[in-house]
Amino acid sequence: VTIERIPVALGERSYDVLVGEGVLGQAGRLIEPLLQEKRVFVITDETVAALYLPALLRSLQGSGVVPETVVLPAGEASKDFAHLERLVDALLERRIERQSLLIALGGGVVGDLAGFAAAVLLRGIGFVQMPTTLLAQVDSAIGGKTGINTRFGKNLVGSFHQPRLVLADIDVLSTLPRRQFLAGYAEIVKYALIGDAAFFAWLEGHGAAIRDGDRPARRHAVAQSCAAKAAIVGRDEREAGVRALLNLGHTFGHALEAECGFTDEILHGEGVSVGMALAFDLSARLGLCPVADADRVRRHLASLGLPTGFDAFGQRVWDADRLIGYMRQDKKVSGGRIAFVLAQGIGQAFVDRNVDPAEVRRMLAETIADAA
Ligand SMILES: NC(=O)c1ccc[n+]([C@@H]2O[C@H](COP(=O)([O-])OP(=O)(O)OC[C@H]3O[C@@H](n4cnc5c(N)ncnc54)[C@H](O)[C@@H]3O)[C@@H](O)[C@H]2O)c1
Ligand SMILES: [Zn+2]
């Protein structure tokens, strides 16, 4: 088995991301050296627990580690104050200590919630991310953003708290529903579009194999994405600058998600897919990027079965003004200006805070009319 190591360079908060096959079975050996006490606390959700918790516990016990577990309901609804309180109470009840380690085994929901619990419990304890969705492996498990949702919106309460280690086992992706897998794939495409044209060309050649289960291709795509995220986070841990590039496709995507009420009608990665196609359209419209590049982006996403426009949502009626309204509420708005991530071409993204909203509105209205 091949395991790739991607370092995240953050001074004394540096850590490794390990990507490969069979990582779950090696977890005990890989985590044991981090421990100052034998007990660890594994946080997971019901779906992932049924699939992968026994193997993780066996691996930990095999290395002399003593695991305890807390299992949460699966789904975004667990990322709230009520579940945070339940989780923190369950851990305090078991006398968790400053030196204890949390292990987040699951998708972005488990990672964000357990990571935030680790950030605030006893003013901060160590944690390990074991991401089990493609989205979590290439995105949410790296970079230290943790948090929960409130009734005012998503991810509005949280903290930067870096993990001590990230273990991404690509074998667990085999049980992920195709729709979830593709939503994560959109974030892989994002890294290529931000800064790596050669990676995009490679994805054009290997996207179908990645989707259909080719393990070396999956390993390479995940490792390459982790390296891209690690490089950006290493330069800008707290999103004062270049980290904002990671929002490519997200300003539009969030507006679509908000319009659908953050339901399963559109997954986050599906919104990002449409959003990236729109960001390249906008870039081409503004004369910043060749039309051929925008076409290539849309063609690749669509070829794998990802949505790239408003026609992907059946009967829903879209409204350009409402979508602009959501963009204005985004937490990345500053001084009333919406930050758009645009591109001069594939692999050449940049942040633009001076886009005229009227131009965006016109483009959305036309795109919506075309899809009807
Ligand atoms: N912290 C960050 O930087 C960051 C970045 C992006 C997204 N996020 C957050 O991530 C969350 C979304 O993460 P997600 O897409 O992983 O969702 P998720 O954690 O809800 O997982 C999706 C579903 O897949 C199931 N699942 C997980 N692993 C599986 C596997 N291997 N096989 C079968 N089923 C499996 C889960 O139980 C769940 O039902 C959102 O809350 C979002 O805000 C955070
Ligand atoms: Zn995203």
Side-chain angles (χ1 to χ4, degrees), residues 23-24 43-53 55-56 71-80 83 104-116 119 127 129-150 153-163 166 168-191 193-194 218 225-226 229-230 232-233 237-239 243 245-254 256-257 262 264 266-276 331-332 341:
V23 172
L24 188 70
I43 321 300
T44 188
D45 74 28
E46 283 162 2
T47 305
V48 177
L51 291 165
Y52 301 112
L53 187 57
L56 175 59
V71 181
L72 301 150
E76 189 73 30
S78 290
K79 238 180 82 172
D80 67 357
H83 289 86
L105 174 73
V109 166
V110 167
D112 280 11
L113 177 67
F116 188 47
F127 83 115
Q129 289 274 22
M130 292 194 64
T132 62
T133 64
L134 184 56
L135 179 121
Q137 293 191 351
V138 300
D139 191 355
S140 62
I142 305 166
K145 282 191 184 177
T146 71
I148 55 173
N149 308 323
T150 85
K154 285 190 59 172
N155 301 320
L156 293 179
V157 171
S159 159
F160 284 97
H161 187 56
Q162 299 291 347
V166 181
D169 186 336
I170 59 148
D171 290 338
V172 306
L173 301 176
S174 63
T175 52
L176 205 58
R178 172 178 281 223
R179 194 175 165 210
Q180 290 281 352
F181 187 89
L182 283 176
Y185 183 81
E187 302 279 6
I188 294 178
V189 174
K190 179 186 79 178
Y191 295 114
L193 295 179
I194 288 172
R218 282 187 173 185
S225 301
C226 292
K229 180 144 190 191
I232 289 177
V233 169
E237 185 177 11
R238 294 197 166 226
E239 203 165 322
R243 190 161 178 173
L245 290 174
L246 296 174
N247 293 318
L248 174 62
H250 283 62
T251 305
F252 290 110
H254 276 151
L256 272 72
E257 286 184 87
F262 293 98
D264 281 355
I266 181 167
L267 299 178
H268 172 75
E270 294 170 339
V272 171
S273 179
V274 177
M276 292 188 296
K331 66 175 177 302
K332 270 126 199 164
V341 183

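Every number for a ligand or one of its atoms is a count from 1 in the order of the listing.
Distance check: L72 CG to K79 NZ gives 13.0 Å after rounding to the nearest 0.5 Å. For the atom pair CG of L135 and CD1 of I188, the computed distance is 9.5 Å after rounding to the nearest 0.5 Å.
Residues P73 and H83 are in side-chain contact: their nearest non-hydrogen atoms beyond the backbone lie under 4.5 Å apart. Taking the side chain as every heavy atom from C-beta outward, T133 and L176 approach each other to under 4.5 Å. Within the 4.5 Å cutoff, side-chain heavy atoms of E187 are placed close to those of H250. Side-chain contact check for E76 versus F262: every heavy-atom pair is 4.5 Å or farther apart. Looking at heavy atoms from C-beta onward, V172 lies out of side-chain contact with M130 at the 4.5 angstrom threshold.
Within the protein, the number of N/O/S atoms found under 2.8 Å from the Zn ion (ligand 2) is 3.
Distance from atom 4 (C) of ligand 1 to its nearest protein heavy atom, with residue and atom name: S140 CB, 3.2 Å. The protein heavy atom nearest to atom 25 (C) of ligand 1 is T47 CG2, 4.4 Å. Taking atom 12 (C) of ligand 1 as the reference point, the nearest protein heavy-atom neighbour is L135 CD2, 3.9 Å. With hydrogens left out, the protein atom closest to atom 29 (C) of ligand 1 is L176 CD1, 3.6 Å, a heavy atom.
Residue-to-ligand polar distances place K79 within reach of ligand 1: an N/O pair is separated by less than 3.5 Å. Looking at D139 next to ligand 1, no N or O pair under 3.5 Å apart turns up. Among the atoms of G75, none of the N or O lies under 3.5 angstrom from an N or O of ligand 1. Inclusion of E76 in the set of residues having an N or O under 3.5 Å from an N or O of ligand 1 is warranted. The shortest N or O to N or O distance between G108 and ligand 1 is under 3.5 Å. Residue contacts with ligand 1: N155 is placed with a nitrogen or oxygen under 3.5 Å of a nitrogen or oxygen of the ligand (distance criterion only). Considering backbone and side-chain N/O of V172, one or more are found under 3.5 Å from N/O of ligand 1.
Within the listing of ligand 1, atoms 22 (C), 23 (C) sit less than 4.0 angstrom from a heavy atom of Q180. Of all the atoms in ligand 1, the ones that sit under 4.0 Å from a non-hydrogen atom of V48 are 26 (N), 27 (C), 28 (N). Annotation for ligand 1: atoms under 4.0 Å from non-hydrogen atoms of T133 are 14 (P), 16 (O), 21 (O), 27 (C), 28 (N). In the vicinity of Y52, heavy-atom distances shorter than 4.0 Å reach the ligand 1 atoms 31 (N). Interface atoms of ligand 1 facing T175, defined by a heavy-atom separation under 4.0 Å, are 30 (C), 31 (N), 32 (N), 33 (C). The ligand atoms of ligand 1 that sit less than 4.0 angstrom from a heavy atom of L51 are 32 (N), 33 (C). Which parts of ligand 1 touch D45 is read off a 4.0 Å heavy-atom cut-off, strictly below it: atoms 36 (C), 37 (O).
At distances below 3.5 Å, not a single donor-acceptor pair connects side-chain atoms of R243 with backbone N or O atoms of I232. Under a 3.5 Å cut-off, the side chain of D169 and the backbone N or O of V23 do form a donor-acceptor pair. A distance-only check finds a donor-acceptor pair linking the side chain of T146 to the backbone of S159 [under 3.5 Å]. Judged by distance alone, the side chain of K229 and the main-chain N or O of D139 form a donor-acceptor pair under 3.5 Å. Put simply, the side chain of Q162 gets close to the backbone of G144: a donor and an acceptor are under 3.5 Å apart. Between the side chain of D45 and the main chain of V48, a donor-acceptor pair closer than 3.5 Å is present. Proximity of a side-chain donor or acceptor of N149 to a complementary backbone N or O of N155 within less than 3.5 Å is detected.
When heavy-atom distances to ligand 1 are checked against a 4.0 Å cut-off, V109 comes that close through both its backbone and its side chain. At a 4.0 Å heavy-atom cut-off, ligand 1 does not touch H268 at all. Residue-level proximity to ligand 1 for T132 is carried by backbone and side chain together, each with a heavy atom below 4.0 angstrom. With a 4.0 Å heavy-atom cut-off, ligand 1 is reached by the side chain of D112 but not by its N, CA, C or O. Proximity of A74 to ligand 1, defined as any heavy-atom pair under 4.0 Å, is confined to the side chain (atoms from C-beta onward). When heavy-atom distances to ligand 1 are checked against a 4.0 Å cut-off, L267 has no atom that comes that close, whether in backbone or side chain.
Taking the six-membered ring where the residue is Trp, F127 and H161 present parallel rings, their angle staying beneath 30° rather than reaching 60°.
With respect to L24, the side-chain contact (heavy atoms from CB on, under 4.5 Å) criterion is satisfied by exactly one of L105, D171, T132: L105.
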Checklist entry - Passes side chain to side chain contact (heavy atoms under 4.5 Å, CB included), Y185 versus L134? Steps please. => result CA-CA 7 Å; Y185 183 81; L134 184 56; 4.2 Å; yes
Item to check | Working for side chain to side chain donor-acceptor pair (under 3.5 Å), residues Y52 and T44 | outcome: CA-CA 10 Å; Y52 301 112; T44 188; over 6 Å; no
